[in-house]
Amino acid sequence: MHAAKSEPALPFLPFARPTIDETMVEALADTLRSLWITSGPQVLAFEKALSEYHGGRPVRVFTSATGALEVALFTLGIGAGDEVIMPAQTFFSCANAIARTGARPVFVDVDPVTRNMDLAAARAAITPRTRALVPTHFAGLPLDMDALYALARTHGLRVIEDAALAIGSRWKGQRIGSFGDIACFSFHPNKNMTTIEGGALVFADEAEARRAEQFRFHGIARLPDGTRDVVVVGGKYNLPDVNARLGLLQLARLEEFTARRRQLAARYFDRLRTDPPCELPARGDEGHSWNFFAPLLPLERLAWSRKQIMDALAARGIGTGISYEAVHLTTQYRTLGYGEGDFPHAERIARETLTLPLFPTLQDADVDRVCDTLRAVLHEARQ
Ligand SMILES: *Cc1c(COP(=O)(O)O)cnc(C)c1O
């Protein structure tokens, strides 16, 4: 007899993880040592690099995409009495940003395949009070941009694209943000590139970018005599230089990160087989940047809840997330009169969605392990 040898535990796989290399760590240390740590030369350099990445368009960076969305809405003069149309299944910050201006978020259902805002539903929701559309490029899969901008033009609406998940995505070969009205990106650690926290707006119009800059920093305008004036009710959303320095180095690796995300998504499509089967996300084309990979669980054929499945996966070292709950069913947005049954596709996706590990440093063997573990867990969970 010999003593049972225990296998070394496999590392825990979170569903998202930023890629930070030693060059980035050193660069951040350098920026700290420079003692210019809040907004300064690195912010200007990062904005210039983002502008070049987006075909020379004006860019301003912010402390988050949520803050950037608020600033975009203020810049367009949206407020009390206005309506803004957005999908019912996206991250909460869009609804909050709209509501914080005093405007009313108007939810519409999503397409069950792409999980992007249903544009026919958006058209039906337009009223004389509608000012803007705020669609999300869900998981990095671009919305149909031709149809979106045709709708906006016909009704004289502004568009703020929630591209928080979509830096590196392309529509018909063109980068998201390099055309269209206003695009909003996020650099949260779970996104395609990170500045720790951070966000950006890409504009079509330089004058609007300058106005957003005022909303970003106390509403300040500089006067010729060296003093400052306050010309709008601004806030404080300026990105520190430390974060911008990280952003510059992340942007330099973005295409590489995106290529790896696409390979990993392709591997999930090849390997993810369960009984009962999950509903896989829309495949998209090479313009999809695959911020996350989220199948829908076959819950009606399982005896376990999603929470039980997530716990079983976590116990086997697989981290998962929910992207996202239905916004109209949250306590706050039910106060606008929304409830169950209003948006069946959004509600089904919110109920069944499960975000699996996907990030550039994930290995092929990790994807195989996730697929095998999910297969085993769903087998156990069968009715
Ligand atoms: C992450 C995210 C946001 C918010 O980004 P922050 O930078 O964290 O404020 C907004 N919309 C969507 C779709 C997101 O995924």
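Indexing begins at 1, ligand by ligand and atom by atom, following the structure's order.
- A salt bridge does not link Arg267 to Asp270: none of the charged nitrogens lies less than 4.0 Å from a carboxylate oxygen.
- A salt bridge is absent between Arg245 and Asp241; no separation between the charged side-chain nitrogens and carboxylate oxygens falls under 4.0 Å.
- Under a 3.5 Å cut-off, the side chain of Arg115 and the backbone N or O of Val110 do not form any donor-acceptor pair.
- Less than 4.0 angstrom separates some heavy atom of Thr90 from each of these atoms of ligand 1: 13 (C).
- The aromatic rings of Phe46 and Phe187 lie tilted to each other, with the angle between the two planes from 30° to 60°.
- Under a cutoff of 6.0 Å and an axis angle of 45°, Arg60 and Phe203 do not form a cation-pi pair.
- Of the N and O atoms on the side chains of Asn291 and Asn192, at least one donor lies less than 3.5 Å from an acceptor on the other residue.
- Short contacts between ligand 1 and Thr66, defined as distances under 4.0 Å to a heavy atom of the residue, involve ligand atoms 4 (C), 6 (P), 9 (O).
- The pair Glu52-Lys48 meets the salt-bridge criterion, with a side-chain N (NZ, NE, NH1 or NH2) lying under 4.0 Å from an Asp/Glu carboxylate O.
- When only non-hydrogen protein atoms are considered, atom 2 (C) of ligand 1 lies nearest to Lys191 NZ, 2.5 Å.
- Checked by distance only, ligand 1 and Ser186 come closer than 3.5 Å through their nitrogen or oxygen atoms.
- For the ligand labelled ligand 1, residue Gly199 lies outside the 4.0 Å heavy-atom shell.
- Summarising the contacts of atom 15 (O) of ligand 1 with Phe91, Phe62, Tyr324, Phe138, the nearest heavy atom is found in Tyr324.
- Remark: ligand 1 atoms within the under-4.0 Å shell around heavy atoms of Leu165 are 13 (C), 15 (O).
- Taking every heavy atom of Ser64 and a limit of under 4.0 angstrom, the matching atoms of ligand 1 come to 7 (O), 9 (O).
- Contact atoms of ligand 1 toward Ala164: 2 (C), 3 (C), 10 (C), 11 (N), 12 (C), 14 (C) (distance under 4.0 Å to a heavy atom of the residue).
- Under a 4.0 angstrom heavy-atom cut-off, Gly198 registers as being in contact with ligand 1.
- A salt bridge links Arg210 with Glu206; the closest basic N to acidic carboxylate O contact falls under 4.0 Å.
- In this structure, atom 11 (N) of ligand 1 lies nearest to the protein heavy atom Asp162 OD2, 2.7 Å.
- Every atom of ligand 1 is numbered from 1 in the order shown, and the set under 4.0 Å from a heavy atom of Ala65 is 4 (C), 5 (O), 6 (P), 7 (O), 9 (O).
- Side-chain contact check for Met145 versus Lys172: every heavy-atom pair is 4.5 Å or farther apart.
- Only side-chain heavy atoms of Thr136 come within less than 4.0 Å of ligand 1; its backbone N, CA, C and O stay farther off.
- Summary of contacts: the protein heavy atom closest to atom 10 (C) of ligand 1 is Ser93 OG, 3.1 Å.
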